[in-house]
Amino acid sequence: MPASKALSLAFSSPVSRFFDGENADVSHLRRGDVAFIGMPSDATHTSRIGTRFGPRALRHETSVLMHQLRGDAQGGLIDTANGLDCGLADKRALVDLGDAKIDPLDVEKTIRSIADMTAAVVKTGALPVAIGGDHFNSYPACLGVSEALAKSEPDARFGYIQIDGHLDFCDRLAAWGPFNHATNARRCSELPNILRENMVWIGIAGWVDGNDVAEIEGFGGLIFSAEDVHRIGAREVARRAVAHALRNCDRLYLTIDVDALDSGFLPGTGSIVHSEITCRQYLDLLEVFAEAPLCGIDMVEVSPPLDPSGRSEAIAAQLLFEVLRPRLVVKGGLPA
């Protein structure tokens, strides 16, 4: 597509929507739809802030991505990875519910606001996809999924996979107490219908707390370091992760922290760790997870102010596209 045409498409609407979907409320959701929720909060981040601008940036980048695909698909799309003819799914199945109400001075109100939105989505049979914001916001997003499943299926349990450069398994951290971007995984582990022994971490790099590792391994959790991804291969790590997370349950929650990606590729994030996984490896992980029985997804820690080039949110948009590919792309035909 000519650059001038792509630019005009990118700014064809004053308000972008996730993947150029529909703006609607929960009452319009149908079973199988994908429902996006913004979580523009970084009040629970302890260092480099800016992730509150992540949802807005990803609305724009995912809309640009879809406009470009539609512009390129006049004769149909060919997926170069497999040579298949593809089209884009009906955009009515993609619904942007807007942002959760954030109170930077009251974390418990923010927790409730996000959890209520993801719970409402699960009740309709749609898939909640929550976009942060710092990683603590993953906890209320997962909490809402947990609460909705507990009401509809009291005996159901689900697994958990976290792609991240960090464990985020602290219990408390300085003045932030139990609610911050280093405690989200521990808070999720306390949810009554998550199987703790089915929890998996992928991409861990740098230095971690030995007590946290011992506790995770003690209850049966599984940790793949970034080095494991390099050594074993991303697809094999993902296959092992899914097998572990789905033991004795039939669905899993996936949290995607972009800081698992080496900062040489993606500098626009709050907590930099070096020697992490590559873009290709991240895409390979998500390709596998895209086919898993997901009951909720979040993507967090995109911080546009920390990367003036804009490439961080562009890469994040492509990662999000990959994990949603089966819901965004259909085999054969022209785009909807």
Side-chain angles (χ1 to χ4, degrees), residues 15-18 23 25-26 35-62 96-121 128-147 162 164-188 190-191 253 255-259 266-272 296-308 310 312-313 316 320:
V15 179
S16 298
R17 302 173 300 276
F18 287 113
N23 273 128
D25 59 30
V26 173
F36 298 93
I37 298 163
M39 306 183 294
S41 172
D42 56 11
T44 41
H45 202 288
T46 63
S47 57
R48 305 196 314 159
I49 61 173
T51 60
R52 65 187 181 276
F53 301 109
R56 183 173 68 185
L58 282 169
R59 281 187 172 98
H60 175 72
E61 289 296 334
T62 57
D96 189 336
L97 298 177
D99 291 342
K101 186 176 181 180
I102 304 299
D103 188 335
L105 300 180
D106 192 329
V107 66
E108 293 188 3
K109 282 185 179 179
T110 296
I111 290 171
R112 191 70 265 155
S113 174
I114 295 170
D116 286 348
M117 289 189 74
T118 57
V121 171
V129 180
I131 308 297
D134 71 60
H135 207 162
F136 177 72
N137 295 287
S138 174
Y139 164 65
C142 189
L143 171 65
V145 173
S146 170
E147 290 176 341
Q162 176 170 316
D164 198 337
H166 313 82
L167 293 173
D168 296 346
F169 204 69
C170 295
D171 187 35
R172 302 180 64 87
L173 187 65
W176 289 266
F179 299 139
N180 63 78
H181 71 128
T183 67
N184 48 277
R186 182 175 289 274
R187 298 288 83 85
C188 287
E190 296 164 350
L191 296 174
Y253 186 91
T255 177
I256 303 167
D257 187 335
V258 298
D259 74 20
L266 191 146
T269 189
S271 300
I272 293 294
I297 301 172
D298 67 68
M299 172 177 276
V300 294
E301 296 290 355
V302 177
S303 184
L306 298 178
D307 180 7
S312 292
E313 54 259 43
L320 194 57

**Asked** Any donor and acceptor pair, going by atom type alone, linking the side chain of Arg187 with main-chain N or O of Phe169 inside 3.5 Å?
**Response** no

**Request:** Begin from the C-alpha positions of Asp134 and Thr44 and carry the test side-chain hydrogen bond (donor to acceptor under 3.5 Å, both in side chains) through to its verdict.
**Result:** CA-CA 7 Å; Asp134 71 60; Thr44 41; 2.8 Å; yes

Out of curiosity, [X] [atom1] to [Y] [atom2], how far, rounded to the nearest 0.5 Å?
X: Asp25; Y: Asp96; atom1: CG; atom2: CG; answer: 12.0 Å
X: Ile114; Y: Ser138; atom1: CD1; atom2: OG; answer: 9.5 Å
X: His45; Y: Asn137; atom1: NE2; atom2: CG; answer: 10.5 Å
X: Asn180; Y: Cys170; atom1: CG; atom2: SG; answer: 7.0 Å
X: Leu173; Y: Asp168; atom1: CG; atom2: CG; answer: 10.5 Å
X: Ile297; Y: Cys142; atom1: CD1; atom2: SG; answer: 12.5 Å

**Fill in**
Quick note, side-chain hydrogen bond (donor to acceptor under 3.5 Å, both in side chains) partners involving residues 98-110, not counting sequence neighbours, are Arg59-Asp99

Can you give me the closest heavy-atom contact between [X] and [Y], atom names plus distance?
X: Val145; Y: Pro128; result: CG2-CG, 4.0 Å
X: Ser47; Y: Ser271; result: OG-OG, 4.1 Å
X: Pro140; Y: Ile111; result: CB-O, 3.4 Å
X: Ile131; Y: Pro55; result: O-CG, 3.3 Å

**Complete:** Residue set satisfying salt bridge (Lys or Arg N to Asp or Glu O under 4.0 Å) with Asp116, at least two apart, ordered chain then number -> Arg112

**Message:** Going by the rule salt bridge (Lys or Arg N to Asp or Glu O under 4.0 Å), which residues pair with Asp164 if we only count those two or more places apart in sequence or in a different chain?
**Reply:** none

**Request:** Over 60° means perpendicular and under 30° means parallel, so classify the ring planes of Tyr139 and Phe179, tilted if in between.
**Result:** parallel

Side chains of residues 299-306: which donor-acceptor pairs under 3.5 Å do they make with residues two or more places apart or in other chains?
| unit_1 | atom_1 | unit_2 | atom_2 | d |
| --- | --- | --- | --- | --- |
| Glu301 | OE2 | His135 | N | 2.8 |

Please identify each residue that fulfils side chain to side chain donor-acceptor pair (under 3.5 Å) with [X], with sequence neighbours left out.
X: Tyr253; answer: Asp298
X: Thr269; answer: none
X: Thr183; answer: none
X: Ser41; answer: none

Among residues at least two apart in sequence or on other chains, which ones pass ring-ring contact (aromatic ring centres under 6.0 Å, His included) with [X]?
X: Phe53; value: none
X: Phe36; value: Phe18, Phe19
X: His166; value: none

**Listed once per pair and sorted, the salt bridge (Lys or Arg N to Asp or Glu O under 4.0 Å) pairs that draw on residues 48-58, sequence neighbours left out** = Asp42-Arg52

**Prompt:** How far apart are the C-alpha atoms of Leu320 and Val129, what are their side-chain angles, what is the distance that settles it, and do they pass the side chain to side chain contact (heavy atoms under 4.5 Å, CB included) test?
**Reply:** CA-CA 10 Å; Leu320 194 57; Val129 180; 4.2 Å; yes

**Message:** Is any side-chain heavy atom of Gln162 closer than 4.5 Å to one of Asp257?
**Reply:** no

